[in-house]
Amino acid sequence: ACGSAPDSGSDATGEATGGAEATTAEAIDVVDGFKACMVSDAGGYDDQSFNQSGKEGLDRAAADWGIATNAVESTSDADYGPNIDSLIDDGCTYIIGVGFLLAPAIAEAAQANPDIEFGLIDSALSNPDFSPLVLDNVKPLLFNTAEAAFLAGYAAAGMTQSGTVGTFGGLPIDSVEIFMDGFSDGITQYNEDNGASVTLLGWDKAAQTGSFTGDFDNQANGTTVTQGFIDQGADIVMPVAGPVGLGAATALQSGGGTLIWVDSDGFLSTDFGDITLTSVMKQIGQAVHDSIKDAAEGNFSNEAYVGTLENGGVGLAPWHDFESKVPAELSAKIDDYKQQIIDGTFTVESENTP
Amino acid sequence: MRLELRGITKRFGAFTANDAIDLVVEPGQIHAILGENGAGKSTLMNVLYGLYTPEEGEIVVDGVPRTFAGPGDAMAAGIGMVHQHFMLVPVFTVAENVVLGQEPMARGLIDAGSAATVVRETAESLGFHIDPNALVGDLPVGVQQRVEIVKALSRKAELLILDEPTAVLTPQETDELIEIMRTLAASGTSILFITHKLREIRAVADTITIIRHGRVVGTAEPTTPETELASLMVGRSVSLGVDRAPAQPGEPGLAVRGLVVRDAHGVPVVDDVSFDVARGEIVAVAGVQGNGQTELVEAILGVTTPEHGSIELAGRPIDGLGVRDRLDAGLAFIPEDRSTDGVVGEFSIVENLVLDRVGAAPVSRGGALDVAYLRRNAAERVAEFDVRTTSIDREVGTLSGGNQQKVVLARELSRDLSVLVASQPTRGVDVGSIEFLHRRIVAERDKGAAVLIVSTELDEVLALGDRIAVMCGGRLVGIVPGGVSRDVLGLMMTGMPPEEAARQAAEHHTLLGEADLAAELQAPDGEPAVVQDGAVVQDAAVVQDASHESEEQR
Amino acid sequence: MTATLDAPTPAAATAAAALPAPPPAYRTPIVLAVLAVVTAVMALATPAGATNVRISTNTDLFQIPVFAVPGRATAWLLTVLVLAAAAYAFVLARGRRRIPVWVIVVAGVCALLALLVLISAGKTQVVPVTGLLAGTLFLATPLVFGALSGVVCERVGIVNIAIEGQLLAGAFAAAVVASMAGSAYVGLIAAPLAGVAVGALLAFFSIRYQVNQIIVGVVLNVLVVGLTSFLFSTVLRENPQLNSRTALPTLPIPLLSEIPLVGPVLFRQNLLVYLMYAIVIALQILIFRSRWGLRLRAVGEHPKAADTVGIDVNRTRWRNTLLGGAVAGLGGAFFTVASGLAFGKEMTAGRGFIALAAMILGRWSPTGAVAAAVVFGLSDQLRILMATLAVPVPSQFLLMLPYVVTILAVAGFAGKVRAPAAEGIPYVK
Amino acid sequence: MTTAPEPGGPGPEPSTAPAPVEPEGPTRSESFVHQVLSSSWLLTLGAILLAVILGAILVIVTDPDVQAAAVYFFARPGDLFAAAWDAASSAYVALFQGAVYDWTASDPARAIRPLTETLTIATPLILAGLSVGLAFRSGLFNIGGQGQVILGGIVAAWLGFQFQLPAVLHVLLAVLGAALGGALWAGIAGVLKARTGAHEVIVTIMLNNIAGYLVLWIVTTTLFASGTPGVSKAVHDTARLPALLPAPFRLHWGFVLAIVLAVGVWWLMERSTLGFRLRAVGANARAARTAGISVARMTIVAMAIAGALAGLAGASQVLGTEGMLTASVAGSIGFDAITVALLGRSRPLGTVLAGLLFGALSAGGRLMQTRTGTPLDLVLVLQSFIVLFIAAPPLVRTILRLPDPEKKPSRKRPARGDAPAEQAGAVA
Ligand SMILES: Nc1ncnc2c1ncn2[C@@H]1O[C@H](COP(=O)(O)OP(=O)(O)OP(=O)(O)O)[C@@H](O)[C@H]1O
Ligand SMILES: Nc1ncnc2c1ncn2[C@@H]1O[C@H](COP(=O)(O)OP(=O)(O)OP(=O)(O)O)[C@@H](O)[C@H]1O
Ligand SMILES: [Mg+2]
Ligand SMILES: [Mg+2]
């Protein structure tokens, strides 16, 4: 096709309706003028983490049902309000804010624009006195990540050769610490169950202190922190630091360690599939996708969506390459806990739960 | 080398610094160029050395016309230059400075050994010794100058330009320099010797070219009478001998007791100095630059903390006070380097005229500047001190040095002052202004201020000092009455005690002193070109009609 | 200076810095004495019990078993060492002699070690000395490159605030070109070229147009962040194959890499780190002893003097600004190919500014810059270790540690630094 | 001596007559006229134009449609040009609409909203820009705006939610507290510089990082934490800087504060003794010292005032725009402020204008992103090119072939090294 022009009938504008290629999803009845939009937090859509997952959900919705979408990126906290506003301006009818940092901006916009629907990932709204704030036109999309992280912790404790595992975060913020809390609990549980003494480096749940690299940018810091864990004998590490986790992966790769990824299935989304034991998945994309479907069909509700092991909103990724290496009884025990959590007979608690 | 300059013209914007200058230097000749400040001497030399490209004219070396794109070309053509402001890197060693640009190499790195050898051998051929490994910044200026000469000669210069080389030397050091110049000339090196001091020219030059306002206004022989040279150089006759009454010392003004100041290395740079200046008296401090005068006045001002000793201002100890309080106590201060210490170049004349008294009425009230007062003050001071400017709002940095200096003096002399400390009050100022500034300083004395003048120019010291203190190596060598002979001061500047200096000076004169004597003998009317009320006439501008002027003043 | 947008030239800045009368010569000894007191306090606070130290890695030829060091005794020993350094400094200061940098370094390292003992004594975790050192080197690498770039540029009289931009441009170019070529080594060629491009802009504006160098530097940083992020969000997002992961292999040097302790740290590295050694050594020798270095320094100290001996000042500045750019650009490769990572937005995360600090702290000399970078890397390592050892301090405060250490170092020891005299001043004949 | 020879005259006789004229150098009033004549506005426009062109090139070459059309360039070159024009023009049109006036908006309020957004965003930039500019003129390079904004924000938030006070009093207290917070933080750098000579560039960079982690910690403390993680309690309404316009406009009194402070800084620097001293120290510290001005004290004072201004930028965010404290309250205000101050030549008027330009670019950038998907980073590229071009007028003249106003018969200043930047002219 090199050098030959496309025939003039179909031009670039054809793309906007490019829903044609969506094959898997069944068609839905989209409300007239529906437009689904998204605002990232300051991390931006390339964060290899929740902004990116959210955007994938949005893109998938566009592809599946041919709905109009728009996504804007924020570069700082000051951008949230104006970005939401420019989306309102742009004719969006359903606007999703990614990340708890957008909560105040979403609350404000929702109160000012009662006819527009909003979604908020990772946070519910609250009043200044900590009491929950429920607005008719805001749907919180929450994830009980600790549940899945618990399973990952259990798995890590069961799989470690050295009896030491580690975790670290990018910055000490709740959405990061919740992973670390669950992970820690999983290890404690394993030790209790098996009289083992697997130690966790990098997070002290009781004191809520631990290892952080200081930002979500400098991947080299992930490498050094992980190398520090390896030097202490750790052989499995769960970085909760977006792209900085890739730095951890390189250290694990050269140090013969194993990685537990977070947010997405690291086996698929990173280049480090061969050392990825499993991933703590937070199905933000799916939640976004589903909430858009509801809104598009006119079925918006302000009821919070809580991703749990039960509804598959959070989960442990498949073992992939490690399938053969994970002992059957460990795998079974993990499934067992999963079931108990789903049944409600076992709960994972974290003070960082949204 | 035979050098010929033909019709050299150099302009800076609309300003013509050199105007069709012709000049011939014969091999082995010492060719003096005489001209007052700003005449264009340095500019011409910079053209010759390839630093400036002339707008017009030709440089002919040994009959071949040359164009110099940069100093590299000039050096290649055998021209060496010792700049008025030394071109030495202070943090480099002597050897590094000398070989810079033509480094001897060994195994890819600079051959330190042969660099040192070059220094030693060149210095020895001129009859002195320099430590090649000394840091240039640590050396006295006189030695730095020798480094410059060694640097030029080590580049096989056949023509050596010396731009005002004697400004920083004691008379005795000047003698040594003259010896070196003669040695060089004898070995065939041509020398271009820039100065505005007539006595030096007479002592050493083979021929003289006089420049005024960028033009060659005449050539002369060393035998030409000083008066003639002077009027050629200045274009008129000027008196620099300040006509002043004898001092009438009153109460103590400034008292310095056992002052010791150490530098960063712990070396005492002011070493146990004590003296008094009474009100109504001028004490002039003579000495070669870098012998502690700077630190002495800085300690008086309070920007340097002395290790020992005390300072009293009008009988009141000021040791614990900061600069601000000392100024408020009646100290007026004229720093030696006006552009770095005296004025803020980017500030207007208006602002600079109140730089050290913004905090008090009438300059400000309630923290707000009184703009009307500032402008009125500026207009008055500019008129009073004859500051030449297009506007009082002009940035001081764009004024000429002399006018900048007038701004500093105008500021300091318009305050209530009991003590005036002035360093190099007329450095780089044109002849006419020197006269004016000196008169103003004497006027302050007569109003009852205690005045301390620090100057490296013996002429100035002799012109102003009621008493003269000489510093050497941080110590006060002695205090002698005004009007003593230059040779005595010169010897004291080398550290010799006054009595010894007086004895030796009587025994044999310096070359310059001899030249003076010779000139006296030659002077057409036999009138010695010296003294008037104990003040010495500045060589540069000879008094012809002193009588006329005295008449005027009567 | 009204003319130059009123940014202070560094010359003015340093002049101001040097002003408050000659600082007391006893400052360094006093600071060291304070440090000794702090160390003593730490020794007092050190719990009973031993610190487990490991100085070999699993892959070493000679395995040295983990051994225990008595905590309190070691802490006191370190205190004595710091005290000795302080005392020696006092003696030197009284004799008004220069206090050599190593005295300060020894005291600083001893104090840091005492902190290490304080946090690790009586704990089961080991102190992996090799790992600490290797991590220090790792963190110091980009800082060393950045600081060396600063040294070259500033020694020739051009203030290089654009180090951050040069590192980032280098990181970007290394990743993209290595991805396209499929070889990490090609990235090592592209990175310095990108740095040179940034250096060329710096030189163009500050030499040719005499724009204030601080302005140009600050703005170039913004420009590079803007450009790389823009390209990342457009071209690289659409063509992920342009930004894939390529890694420089580790090249252990036979024999040397088997030396206990230092072997694995220094000689089990990739090419970029070996290049760093070579550049540090070469610059340290060449700047002070070669023709190039002499002229470089002459131009930075007294350009007019250099001009009068036939050195083309502005050409010298141009060349060395480009060279400095190349060094920093090469250092940028650390973030991508040398770490085996793809490019990420703003992934240099302010290291260029830390490098600038290292250069000043290192007094404009290559070895000084290395020492400063190592101090920074070590304090960063220490805080990582503290977090790992679960020291009960909020994580946010641990994260501050390297920055606090830098401020203390600058305020305590490096105050009276002298920048090249002509730095920041354009040369016009 | 620089007096030109008077033709045939007797030379410079000392005289007490009113000063004769020296024919060199521009005076201040002259240079003002000169600046106007040299059409600095034209130059500024030229600089912006060049930056816009470079930005357009960047947009065009990275645009997928353009790349697609380039593949078959020889078959149908028109497509390429159309696609290129489309990519660049739509981005810039959106930028303009987002910054000034949006004629496509649904209602009049929305149409003029962009301009108010520009002013809102410009507010902290102007305040922090004044901070950097004041420090510059006092001879200090304050890279620490970021940290000072944060400290200002922390104090403003705390005073804002912790106390119950009458409206005017409360906001005054919170604003002053923010200024004090910024002043103290910057004062650390000032004191260290004055006492130990520690380079303010290093110290302020480090303080930025420390402040960043400090605020991260503080929003998690029980004192600050709200129901929403990472966000502090909201400040009371009594502590809010009141809105200037009704909702949906966000413009608040912070903007008025910024303008008033710009005037205040002008007065301080040009008309007060303190400003005089600060400028003297900045321009020539040695001469200032000789004139009895304490350089150390002025260093501390300058940093403190600069910190106070930056702290007010934090207050403007916390008490005005946002109403609460978040960990990234400073955004990139502290760094943008450096460029703003550089562009504004450290003068208050220039800083206000530069702040407005940057505010416009960032407000417009958001709409550009929303409408055309062009990454916000383009704004950074535009900003840096504008500053570079404005700092190098000869370059702009050469490229745009503008006449050189220097070429009139006025003597150039002797080699002071900075002459070319001189004509940067009034800016923006
Ligand atoms: N680079 C320059 N730009 C503009 N004017 C200059 C420059 N250099 C010198 N001038 C002017 O040219 C004139 C001649 O200066 P020059 O330095 O040659 O004088 P000089 O004879 O060496 O004086 P001095 O005895 O003081 O050294 C002076 O008026 C000076 O102000
Ligand atoms: N020499 C000095 N060096 C540095 N700062 C000074 C100096 N003198 C005064 N200041 C500072 O400037 C402020 C005003 O000082 P000053 O006493 O000069 O006031 P002022 O300008 O005289 O005002 P007013 O005329 O109303 O008394 C003082 O608070 C002090 O901080
Ligand atoms: Mg928490
Ligand atoms: Mg001269």
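This structure is a prediction, so every number in the text was calculated from the model and none was measured. Naming convention: chains lettered A, B, ... in sequence-line order (proteins, then strands); numbering from 1 in each chain.
A 4.5 Å side-chain heavy-atom check between B:Leu399 and B:Val407 finds at least one atom pair inside the cut-off. You'll find the side chain of C:Arg297 stays beyond 4.5 Å of the side chain of B:Val89, heavy atoms only. B:Gln404 has its side chain within reach of B:Ser339: a pair of non-hydrogen atoms, C-beta onward, lies under 4.5 Å apart.
In this structure, no portion of B:His85 lies under 4.5 Å from any heavy atom of chain C. With a threshold of 4.5 angstrom between heavy atoms, C:Leu294 approaches chain B through its backbone and through its side chain. Contacts between B:Gln102 and chain C at a heavy-atom distance below 4.5 Å involve the backbone alone (N, CA, C, O).
For residues 66-79 of chain B, a heavy-atom distance under 4.5 Å to chain C picks out B:Ala69, B:Pro71, B:Gly72, B:Met75, given by residue number.
Taking the centre of each ring, B:His83 and B:Tyr49 come in below the 6.0 Å mark.
Among C:Gly293, C:Ala305, C:Gly310, the residue with the largest count of heavy-atom pairs under 4.5 Å with chain B is C:Ala305. The residue among B:Glu96, B:Glu103, B:Met81 with the most heavy atom pairs within less than 4.5 Å of chain C is B:Glu103. Of the listed residues (B:Val99, B:Leu88, B:Asn46, B:Leu109), the greatest number of heavy-atom pairs within a distance under 4.5 Å of chain C belongs to B:Leu109.
Of the possible donor and acceptor atoms, one in the side chain of C:Gln284 sits under 3.5 Å from a partner among the backbone N and O of C:Thr367.
By the side chain to side chain contact (heavy atoms under 4.5 Å, CB included) test, C:Pro100 pairs with C:Leu92, C:Trp102, C:Val103, sequence neighbours left out.
The pair C:Arg155-C:Glu423 does not meet the salt-bridge criterion, since no charged nitrogen lies less than 4.0 angstrom from a carboxylate oxygen.
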